[in-house]
Amino acid sequence: MKFEHYAVPRIVFGAGRFADLGALAAQWGGRALIVSHGSASSAPSIGRLVELLSASRVASQVHAIGGEPEVNDVDAGVALARTSQAEVVIGLGGGSAIDAAKAIAGVLTNGGSALDYMEVVGRGRTIRVPALPWIAVPVTAGTGAEATRNAVIGCREKHFKASLRSELLLARVAVIDPELGVAVRPDVTARCGMDALTQCLEALVSRNAQPLADQAAREGLRRAGRSLRRAFANGGDLDARGEMALAALCGGIALTNAGLGAVHGFAAPLGAQLAAPHGTVCAVLLPHVMEANVKALRARGARETLLRYAEIGRLLADSDDAGDERAIDAGIDGVRDLVRDLRIPGLRRYGLRESDIPTLVERAKKASSMRHNPVELDDDALGAILRAALY
């Protein structure tokens, strides 16, 4: 057995730990760049962070990004960080803000543009210098970007989202405070939670699965399976928020070491073409990708991977009662029911058309996540997944 494992050096987890951010940032200097959605006056958490930094004698500037980050967002952040002579970067918010902070910190020390280092659509240059020290502070429990070594950035001209990827991009510290999630809207809770669940699931059946990532994926699946509906129904349920924050962290640990699969392979071109949130894309695709993978695996007699799908069914149900075949089917049905209960809309609402499917299939096949899918899916199967996701 051979594998590699990457991890954030320090994880600070628990209710109230947001208060530690001033002291944590101060260890790297007196000037910080905050990367987030909104401004200090419009977002209470940003204003509170500015206060905490100031109390620790750290001056700060805010780089606001609109939606999911694109090349221009990263390059503008790099320019602002240089002008302000930032010594530490803090990503505060969902995966978009954290990935933008990660990319800014990496490009700052390596030079050039984000596009120079992006896979698939960029120049694919190697990141050789450690990123400027940066701190990840997730607010939504979704991408697990606080624990990953890649930053997903959109390239509008190429109709594709792709990653900058290196262990040199890992955060120095991840501060995960479930209290930050209490104010998150139910629809955001739903789609972000489904992203976390999807990442744990895809990592567990990945062709690149490895033992340490498996344990993180199992833990995340179990917690998401029993807590996502609760967090959706009652945003003030701090126990459910904590469970989902931990599930997202587990998903980030799992994916950065094991990779993902066809759901995220599709998410790259879909996210660039449609104004659909990433978690919504993952949620809508997941049961159909599971069904296609299981069908193909059964046809090939791939028992070892099928047993992992049976394990997924048991983890999501938090029960060991079902036999293997029944557990596999129950897992697929359980995910489908969860997407319905969370009221996540199909992709037709976001502009996906039947005529788009052939082009999207071709683009998805180029995505790095596709190579880790547990079984190769032909064009017919990939097209059928997208058609099922229209609703």
Side-chain angles (χ1 to χ4, degrees), residues 11-26 30-69 73 76-77 80-81 84 86 88-102 104-105 134-146 171 173-193 195-196 227 230-246 248-249 277-279:
I11 295 170
V12 178
F13 188 102
R17 300 308 300 269
F18 187 75
D20 297 343
L21 275 163
L24 287 169
R31 294 181 295 275
L33 178 71
I34 300 169
V35 182
S36 192
H37 295 284
S39 63
S41 60
S42 65
S45 59
I46 300 175
R48 175 62 176 145
L49 176 55
V50 170
E51 292 173 358
L52 290 168
L53 292 171
S54 179
S56 293
R57 299 183 180 181
V58 179
S60 61
Q61 290 204 31
V62 178
H63 176 51
I65 60 172
E68 295 185 359
D73 294 309
L80 179 57
S84 63
V88 60
V89 177
I90 303 172
L92 171 66
S96 296
I98 293 173
D99 273 355
K102 187 184 308 181
I104 289 167
W134 73 279
I135 302 171
V137 190
V139 172
T140 58
T143 66
E146 64 271 17
V173 184
V175 177
I176 305 164
D177 186 339
E179 289 182 348
L180 295 176
V182 169
V184 174
R185 299 194 320 261
D187 61 315
V188 178
T189 296
R191 62 180 181 246
C192 291
D195 187 21
S227 299
R230 288 169 47 211
F232 173 69
N234 177 11
D237 185 337
L238 195 56
D239 180 62
R241 288 291 186 191
E243 290 261 283
M244 290 309 303
L246 190 52
L249 173 63
H278 174 75

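Hydrogens, waters and symmetry mates are skipped; everything else that's a heavy atom, side chains included, is used.
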**Asked** If you measure from the Lys or Arg side-chain nitrogens to the Asp or Glu carboxylate oxygens, is any gap between Asp195 and Arg191 under 4.0 Å?
**Response** no

**Prompt:** If you look at every heavy atom in Ala145 and Trp134, which pair is closest and at what distance?
**Reply:** O-CH2, 4.5 Å

**Listed partners of Ser60 passing side chain to side chain donor-acceptor pair (under 3.5 Å), at least two apart** = none

**Message:** Rounded at 0.5 Å granularity, tell me how far CZ in Arg230 sits from CG in Asp237.
**Reply:** 4.5 Å

**Request:** Calculate, to the nearest 0.5 Å, the distance between atoms CG and CG belonging to Leu21 and Leu92 respectively.
**Result:** 8.0 Å

**Request:** Report yes if the side chains of Arg241 and Thr189 come closer than 4.5 Å at any heavy-atom pair, otherwise no.
**Result:** yes

**Item:** Shortest non-hydrogen contact between His37 and Gly66, atoms and distance
**Value:** ND1-O, 3.1 Å

**Asked** Which atom pair, heavy atoms only, marks the closest approach of Ser56 to Ala23?
**Response** OG-N, 3.4 Å

**Asked** Is there a donor-acceptor contact under 3.5 Å from the side chain of Glu68 to the main chain of His278?
**Response** yes

**Message:** Taking Ile65's backbone N and O only, do any of them form a donor-acceptor pair with Asp73's side chain (distance below 3.5 Å, no angle check)?
**Reply:** no

**Request:** Can you sort out the partners of Arg57 under side-chain contact (heavy atoms from CB on, under 4.5 Å), two or more places apart, ordered by chain and number?
**Result:** none

**Message:** How close do Ala136 and Ile98 get, counting heavy atoms only, and between which atoms?
**Reply:** CB-CG2, 4.1 Å

**Request:** Check step by step if side chain to side chain contact (heavy atoms under 4.5 Å, CB included) holds for Ile176 and Arg17.
**Result:** CA-CA 7 Å; Ile176 305 164; Arg17 300 308 300 269; over 6 Å; no

**Request:** Give the minimum heavy-atom separation between Phe13 and Gly242, together with the two atoms involved.
**Result:** CZ-O, 3.7 Å

**Request:** Indicate the atoms forming the closest heavy-atom contact of Ala196 with Ala248, along with that distance.
**Result:** CB-CA, 3.8 Å

**Prompt:** Hey, does Val175 have a side-chain heavy atom less than 4.5 Å from the side chain of Asp20?
**Reply:** no

**Prompt:** Given side chains that start at C-beta, do those of Val137 and Leu49 come closer than 4.5 Å, heavy atoms only?
**Reply:** no

**Request:** Carefully, step by step, assess Val182 and Leu238 under the rule side chain to side chain contact (heavy atoms under 4.5 Å, CB included).
**Result:** CA-CA 7 Å; Val182 169; Leu238 195 56; 4.1 Å; yes

**Item:** Donor-acceptor pair, side chain of Asp177 and main chain of Gly16, under 3.5 angstrom
**Value:** yes

**Asked** What distance do Glu51 atom CD and Ile46 atom CD1 have between them, rounded to the nearest 0.5 Å?
**Response** 12.5 Å

**Thr140 (side chain) donor-acceptor with Gly142 (main chain) under 3.5 angstrom** = no

**Message:** Measuring only between side-chain heavy atoms, which start at C-beta, is Glu179 closer than 4.5 Å to Phe18?
**Reply:** no

**Request:** With the side chain counted from C-beta on, respond yes when Ile90 and Leu53 share a heavy-atom pair under 4.5 Å apart, and no when they do not.
**Result:** yes

**Asked** When rounded to the nearest 0.5 angstrom, what distance separates CD1 in Ile34 from CD in Gln61?
**Response** 9.5 Å

